[in-house]
Amino acid sequence: MTGRFITLEGGDGAGKTTQAELLSAWLGELGRTVVRTREPGGTDLGLRIREIVLHERGHIAPRAEALLYAADRAHHVETVVRPAIARDDVVLQDRYIDSSVAYQGVARGLGAEQIRSVSDWAADGLVPDLTILLDLDVTVGRARVAAARGDTFDRLESEAETFHESVRQAFLAMAAAEPERFLVVDASRSTADVQREIRAAVTPLVVDAA
Ligand code: TYD
């Protein structure tokens with residue numbers, strides 16, 4: 001068994017949490033130890049950072065926001081993700097560097113390359129074995145979040161539709177640039193169909209070749 005690092009990306013309402021839960025249960029049945037985690041907020045320190053980036057009432061300078069995500073990531077990768085991979089666990093993580101590139105780099109306009117380089121530095125170069133991009137029409141995704149939560153959006157979710165559209169296009173561009181790392185899944189289909197496609201892509205990573 002080899003330690004694996006699998007990330008889930010996509011806009012709000014694309015179903016990352018639901019799909020990760022189903023995938024985690026299946027990996028457990030295969031006998032793999034799974035570490036389910038997320039950014040921001042995968043550690044105690046990260047939970048405090050998450051509270052600031054998602055719920056701070058006043059303005060946060062975009063560069064400060066980017067560095068808060070990077071600080072969360074640096075601590076999380078070193079204390080949770082790398083140790084789990086070293087134990088040969090499967091790390092299943094909601095959001096990673098691609099979210100920073102899409103939200104801060106592209107949608108906030110800080111520059112995709114700069115944010116990728118700050119994020120890579122924070123993570124000391126850790127790259128996922130597989131990134132599952134759940135791709136969904138922005139209006140549909142936001143309607144799902146509103147239906148589930150009764151219209152209470154956090155700081156990022158409250159951004160205009162054009163912000164979320166540029167996030168979506170940024171993710172698709174990253175997937176096109178790195179097709180060997182990304183699986184792009186049409187998240188408008190049923191939960192079961194999406195999960196089936198994800199399992200097919202994950203199988204070769206988690207089952208011993210022997
Ligand atoms: P998420 O945990 O998916 O939110 P929720 O649990 O409410 O669905 O993500 C929180 C928000 O943080 C999301 O809107 C995207 C944003 N985000 C960034 O802007 N940059 C980042 O680097 C990360 C990891 C998340």
Side-chain angles (χ1 to χ4, degrees), residues 5-21 23-24 36-56 59-78 80-81 91-124 126-128 131-136 138 140-171 174 187:
F5 182 32
I6 300 171
T7 58
L8 290 109
E9 298 282 5
D12 301 305
K16 292 187 297 300
T17 308
T18 306
Q19 293 299 336
E21 277 165 8
L23 186 61
S24 173
R36 275 274 292 123
T37 188
R38 66 174 177 180
E39 289 182 7
T43 61
D44 288 343
L45 174 69
L47 282 173
R48 276 137 67 199
I49 296 175
R50 182 182 173 92
E51 184 58 30
I52 297 171
V53 286
L54 297 189
H55 302 296
E56 177 76 12
H59 171 71
I60 301 182
R63 283 166 195 256
E65 180 188 63
L67 291 170
L68 285 165
Y69 283 111
D72 167 76
R73 177 162 305 127
H75 189 66
H76 182 235
V77 165
E78 184 177 311
V80 175
V81 181
V91 178
L92 210 53
Q93 179 167 322
D94 283 18
R95 300 194 183 279
Y96 187 51
I97 291 174
D98 302 308
S99 273
S100 285
V101 174
Y103 285 80
Q104 282 69 53
V106 178
R108 282 270 191 255
L110 292 175
E113 280 173 27
Q114 284 90 334
I115 294 297
R116 171 130 353 243
S117 118
V118 167
S119 305
D120 282 341
W121 181 80
D124 200 10
L126 182 68
V127 178
T131 298
I132 299 159
L133 173 58
L134 295 174
D135 179 55
L136 185 63
V138 168
V140 174
R142 288 165 73 67
R144 282 191 192 173
V145 172
R149 299 232 209 97
D151 267 322
T152 52
F153 289 121
D154 65 34
R155 225 172 47 82
L156 271 290
E157 286 163 351
S158 320
E159 289 291 341
E161 193 128 336
T162 52
F163 179 92
H164 293 282
E165 186 55 40
S166 68
V167 167
R168 181 187 188 196
Q169 295 309 326
F171 277 132
M174 284 184 261

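Order of appearance sets the numbers: ligands from 1, and atoms from 1 within every ligand.
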Do you know which two heavy atoms are closest between Ile60 and Glu65, and how far apart they sit? CG2-N, 3.7 Å
First locate atom CD1 of Ile52, then atom CG of Leu47, and finally report the distance between them rounded to the nearest 0.5 Å. 11.5 Å
Are Tyr96 and Phe5 close enough that their ring centres sit under 6.0 Å apart? yes
Are any side-chain N or O atoms of His55 and backbone N or O atoms of Arg50, one a donor and one an acceptor, separated by less than 3.5 Å? no
Quick one, list the residues around ligand 1 where some non-hydrogen atom comes in under 4.0 Å, by chain and residue number. Asp12, Glu39, Pro40, Arg50, Leu54, Tyr69, Arg73, Arg95, Ser99, Ser100, Tyr103, Gln104, Arg149, Asp154, Leu156, Glu157
Sidechain-backbone polar pair: Lys16 side chain, Gln93 backbone, donor-acceptor under 3.5 Å: no
Dump the intermediate steps for side-chain hydrogen bond (donor to acceptor under 3.5 Å, both in side chains) on Arg95 and Tyr103, then the final yes or no. CA-CA 11 Å; Arg95 300 194 183 279; Tyr103 285 80; 3.3 Å; yes
